[in-house]
Visitor: 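Structure provided below as structure tokens; questions to follow.
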Amino acid sequence: MDETRKRAQLRLGLWVFIALIILTVVELWIAFAVPRPLLYLVVINLADAWLIMEYFMHLSRMWRAEE
Amino acid sequence: MAFAPILRGLVWGALGFLLGGGGAVLVRLLLGLPAFQPEPLITIGYFPGLLGWLLGVGAWDVWAREWFGLPVRREAVYDWRRYFRFTTDHKVIGVQYLVTFVVLFLLAGFFAMLMRIELMAPGPTIMSAGLYNHIMSMHGIIMIAVAVAAIIGGLGNFAVPLLIGAEDMAFPRINALSYWLIPPVAVLLVSTFFAGGFDSGWTAYPPLSEVNAPGQVLFNLAVITFGFSSILGALNFLATILRLRAPGMTWRRLPIFVWSIFAASFISLTATQFLAAGLLMILLDREAGMTFFNAARGGAPLLYQHIFWFYSHPAVYIMILPAFGLALEILPHFSRKPLYAYPWLVAGFFGIVFLSFIVWAHHLFTSGMPDYLHGPFMATTELISIPTGLVFLSALGTIWMGRLRLKTPMLFALGFLFNFLIGGVTGIFNADVPTDLHLQDTYFVVGHFHFTIMGGMIFALFAGIYYWFPKITGRMYNETLGKLHFWWMFLTFNTTFIPMFWLGLFGMNRRIFDYPPALGSVNRFISISAFLLGSSFVVFVSNMVLSWARGPQAAANPWQARTLEWQVPSPPPVHNFPAPPQVVGHPYDYGFTNSVHALVGVSGGSGEQGVDTDG
Amino acid sequence: MQTVRVHVPYDHTHTRRIGLWLFFISEGFLFLALISSRYYLFGLSRPEELNQALGLLITTILLLSSLTAYRAETSILHGDQGMFLRNTLATILLGSLFLVGVALEWAEAFRFFPPHTRFGTIFFTLTGMHGFHVLSGVVLLVFLYFHGRRGRFGVTNTWPVEGVIKYWHFVDVVWVFIYPTLYLVSS
């Protein structure tokens, strides 16, 4: 039971990491393919930051009872 | 030995400094740079030195040992020696802050007296132009530090946990750390006298601050350290107020002083980093040859002003919000009436916090900023008068038809209202672009600023000191001397600073040791008033010292006030309350029958609400 | 008067979390000041000499280190000491690798945009300030590793792990904003 939960959590971390890498590559592509990319970059950055803060830093646990 | 921790801190600090500085010499030798340049060595040696000082003074014993798996060492000291130690009791830290900053206040006041001697007559009188600029800069930065930290660090530390019914702050060791960062600041600032001084004022504008004497480096390091201390303090207050309120102490029952500290801490926590960043950039420009503000290499001096005022305008609300809170805390107790329009008042505080972040460029109206920015910043600046107006209406509504008890704290709170009104109204002329173009950098600005900060924040500070003196010391101050101090200070304060508005309108520049001969008689009048103002603090100091030593024993609640700190003995016991108090009503409901704020010491048991002993 | 005894369970870990997040907010403003200086001094232009491959590589390394840090925290919460130690060590190595990458960047930067140029000023300050945070994070992780080897953390004592690893993720979040600011923004 505990073991399956652990596995699920670890898998979630992997998916978040993959999403982050994809976003980074997209960012790089936009920077060279699109003129005036600032706005897109900011949006992607906010998505990146949200992914890390929500899934890695457990931000929403601040407002929720423990686990 | 009583001073052993401080001695150890000095030794470890010196070792750290030598280690860092020596390392820097080695690296520079390896890179083939001139090895013994004083400025980079001081800059690089300072941070290990600071770390050594903090560890030596006590952070090693009560804190860092556990990072290495060692048991922490705490000694139980309950006599006067605890004031010279890394003590974690918020009441002790409050007193440490308060005494330190009153001493610094008197020192900076002494510098002001020297300036007024110089300005007695046009032309050079007792000092050179350069020394005048250094003295002026010292007066400025030390007074700014007093304004930022005296109420928050001193009275806030002492009173906030008591007012919310907590045992201590949320992070007692961080609290001690933020106090023990202050002595290096004072030492650095005073030692600028041996490093050629700094003549760039407390604002440290480049390009001057990038080319002047090495004293500037000490100034920058001091202010970065001070900023670090106030960030840690703010973090602690926010966590404490969020987490350690006694059962029943809902947000609508929070004493107004606590609200004001809460609001000011938001600004302190965030904006202070901009000051640190700006000063760090100056250091990088000076020591690492970078080019943030160096126009010759393509930098932008105006960038500094944007970064600096993004902190320093909100900073005046770090100074004045707790002063509002303190005055409004005192008014209901001495008017015997509920605090008028409490929710609107809190909304006013947060309106100020929000607006304070979007007004900074009103300091740059004459600096060469693009013209299209003038209008918006004028508008946001003037919007601030709306939340400030809410605060004023609440104060007036509270004393309206009240049964005023004109004790010393109440007199200072009323003096605060009077002075701050003048300070606030004259601010409008500085916020309006057309008038500001004329008034910028004149004594009008000096008058405005001293009416808000000295007439406002310092008067509130004294109100708070007299108000909580019996609680802090367990003894009563002398009421006659207190009233004498108030009237003496209030009258001479006004005669000193009101003529400065006139001087400013007639074009007397600030920050310069000289002025046109036609302004001589007014300056002489101001100087004489200023000396009288300075002498009023003799009354204050003697009252404090004599009363602390041999004043009559104070009762637990000499003001018949309802808030929690008065429901425990004076001075409060080490853990404040015998048990977490039960808050059942509003703190300021004077005149309501059967209304109770809190039940103290009746709920029995302990340990419901713990305090961190290790974090 | 009737006295009511209300039991208030006090969760100190939650207070510490609040304190740590407040610290992050504060630090965020420091980086905000530095990042906004980039746009003030250099506008939206992008020097062609930037080594895009290296930039992408160190970004990937730092993101990967966040994954190992996450795995370390998750495993200690489930009491898996071995996996915790392995992942902490991996995070330390990846963090150090990132610092090596930054050092390579600096070596190139000294040639193309030395510190006394406008872009050099921004580049060295931002990477330097962030690198200092990475370095302090690595030091904290080393402490964590050695305490972990003595079995000091378990399901009950996880705050030091949580705190250090949150700090590590925060450093990652900061880099997420610094990376495009230095490498990608263009007009």
Side-chain angles (χ1 to χ4, degrees), chain A, chain C residues 9 11 13-14 17-18 20-21 24 28 35 39 43-44 46 50 52-53 55-60 62-80 83 87 155 162-163 165-181 183-187:
Chain A
M1 171 62 198
D2 193 48
E3 194 58 26
T4 42
R5 239 184 101 205
K6 180 176 151 196
R7 269 171 201 287
Q9 286 177 359
L10 291 178
R11 209 173 318 117
L12 179 68
L14 193 63
W15 281 118
V16 172
F17 169 72
I18 291 170
L20 288 169
I21 292 293
I22 292 173
L23 283 174
T24 307
V25 174
V26 169
E27 218 177 13
L28 189 63
W29 175 76
I30 284 180
F32 285 89
V34 180
R36 296 201 145 268
L38 181 64
L39 187 65
Y40 307 106
L41 293 178
V42 169
V43 171
I44 294 179
N45 277 178
L46 291 175
D48 276 340
W50 178 78
L51 281 173
I52 299 178
M53 292 198 291
E54 176 59 34
Y55 291 104
F56 285 172
M57 298 165 87
H58 312 297
L59 181 57
S60 58
R61 274 191 210 164
M62 297 292 291
W63 289 274
R64 213 173 54 203
E66 201 47 35
E67 250 79 321
Chain C
D11 173 9
T13 304
H14 193 68
R17 274 186 198 133
I18 287 178
L20 196 60
W21 275 103
F24 294 156
I35 288 176
Y39 296 100
L44 291 172
R46 176 177 65 201
L50 281 162
Q52 292 291 346
L56 184 64
L57 182 68
I58 59 176
T59 305
T60 313
L62 203 61
L63 290 174
L64 189 60
S65 80
S66 244
L67 175 65
T68 54
Y70 170 81
R71 290 169 68 85
E73 190 187 355
T74 308
S75 46
I76 198 71
L77 286 175
H78 291 277
D80 187 341
M83 188 172 166
N87 279 290
V155 187
E162 186 189 328
I165 284 177
K166 273 208 170 67
Y167 178 74
W168 189 259
H169 291 310
F170 168 72
V171 171
D172 203 10
V173 171
V174 170
W175 183 257
V176 158
F177 287 94
I178 290 182
Y179 171 59
T181 304
Y183 286 89
L184 301 184
V185 165
S186 67
S187 52

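Side chains included, hydrogens not; waters and symmetry mates left out as well; all remaining heavy atoms used. In what follows, chains are A, B, ... by sequence order, proteins preceding strands, each numbered from 1.
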Visitor: Look at C:L64, C:V185, C:V174, C:L44 and state which one has the largest set of heavy-atom pairs under 4.5 Å with chain A.
Guide: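 Counting heavy-atom pairs under 4.5 Å, the top option is C:L64.
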Visitor: Is the backbone N or O of A:R61 less than 3.5 Å from a side-chain atom of C:R17, with the two atoms forming a donor-acceptor pair by type?
Guide: no
Visitor: Work out which heavy atom in C:E73 is nearest to a heavy atom in A:F56; give both atom names and the distance.
Guide: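 Shortest heavy-atom contact: OE1-O, 4.1 Å.
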Visitor: Using non-hydrogen atoms only, which part of A:L28 is less than 4.5 Å away from chain C: side chain, backbone, both, or neither?
Guide: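 For A:L28, heavy atoms of backbone and side chain both lie under 4.5 Å from chain C.
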Visitor: Working to the nearest 0.5 Å, report the span between CZ of A:R11 and OG1 of C:T74.
Guide: 12.5 Å
Visitor: Please classify the contact between C:F170 and chain A as side chain, backbone, both or neither, with a heavy-atom cut-off of under 4.5 Å.
Guide: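 Both backbone and side chain.
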Visitor: With only heavy atoms counted, which part of C:I165 is less than 4.5 Å from chain A, the side chain, the backbone, both or neither?
Guide: neither
Visitor: With a sphere of 6.0 Å drawn around CZ of C:F24, does it hold more than 12 non-hydrogen atoms of other residues, nucleotides or ligands?
Guide: yes
Visitor: Side chain, backbone, both or neither: which part of C:Y39 has an atom under 4.5 Å from a heavy atom of chain A?
Guide: side chain
Visitor: Please classify the contact of C:L63 with chain A as side chain, backbone, both or neither, using a heavy-atom distance under 4.5 Å.
Guide: both
Visitor: Examine whether an atom of C:F177 lies under 4.5 Å from a heavy atom of chain A, and if so say whether it belongs to the side chain, the backbone or both; otherwise answer neither.
Guide: both
Visitor: Closer than 3.5 angstrom, by distance alone: can the side chain of C:Y70 be matched with the main-chain N or O of A:L14 as a donor-acceptor pair?
Guide: no
Visitor: Less than 4.5 Å to any heavy atom of chain A: does that hold for the side chain of C:W21, its backbone, both, or neither?
Guide: side chain
Visitor: Just by distance, no angles: are the side chains of C:E162 and A:H58 close enough, under 3.5 Å, to form a donor-acceptor pair?
Guide: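 The answer is no; no qualifying pair exists.
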Visitor: Give, as side chain, backbone, both or neither, the part of A:P35 having an atom under 4.5 angstrom from any heavy atom of chain C.
Guide: neither
Visitor: Would you give the length of the straight line joining atom CD of A:E27 to atom CG of C:L184, rounded to the nearest 0.5 angstrom?
Guide: 5.5 Å
Visitor: What are the two closest heavy atoms between C:S186 and A:A31, and how far apart are they?
Guide: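 Distance-wise, the nearest heavy atoms are OG-O, 3.8 Å.
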Visitor: With C:T60, which of A:I21, A:L20, A:T24 fulfils side chain to side chain contact (heavy atoms under 4.5 Å, CB included)?
Guide: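 Testing C:T60 for a side chain to side chain contact (heavy atoms under 4.5 Å, CB included) against A:I21, A:L20, A:T24 leaves exactly one candidate, A:I21.
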Visitor: Would you compute the distance between atom CG of A:L41 and atom OH of C:Y179 and round it to the nearest 0.5 angstrom?
Guide: 9.5 Å
Visitor: Please test C:H78 against A:L10 for side chain to side chain contact (heavy atoms under 4.5 Å, CB included), starting from the C-alpha separation and ending with a verdict.
Guide: CA-CA 11 Å; C:H78 291 277; A:L10 291 178; over 6 Å; no
Visitor: Under the side chain to side chain contact (heavy atoms under 4.5 Å, CB included) criterion, do C:L77 and A:Q9 qualify, and how do the steps go?
Guide: CA-CA 11 Å; C:L77 286 175; A:Q9 286 177 359; 5.7 Å; no
Visitor: In terms of heavy-atom proximity below 4.5 Å to chain C, should A:F17 be classed as side chain, backbone, both, or neither?
Guide: side chain
Visitor: Working to the nearest 0.5 Å, report the span between CE of A:M57 and OH of C:Y167.
Guide: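 Nearest 0.5 Å value for the CE-OH distance: 11.0 Å.
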Visitor: I need the A:M53 CE to C:H169 NE2 distance, nearest 0.5 Å.
Guide: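 Result: 12.5 Å between the selected atoms.
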Visitor: Tell me, side chain or backbone of A:I30 under 4.5 Å from chain C's heavy atoms, or both, or neither?
Guide: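 No part of it gets close to chain C.
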Visitor: What's the separation between atom CG in A:L51 and atom CG in C:D172, rounded to the nearest 0.5 Å?
Guide: 11.5 Å
Visitor: Can you tell me which of A:D48, A:V25, A:L59, A:L23 forms the most heavy-atom pairs within a distance under 4.5 Å of chain C?
Guide: A:L59
Visitor: Measuring heavy-atom distances to chain A, does C:L67 have an atom under 4.5 Å in its side chain, in its backbone, in both, or in neither?
Guide: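 Looking at C:L67, backbone and side chain both touch chain A.
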Visitor: What part of C:T59 gets within 4.5 angstrom of chain A, counting heavy atoms only: side chain, backbone, both, or neither?
Guide: side chain
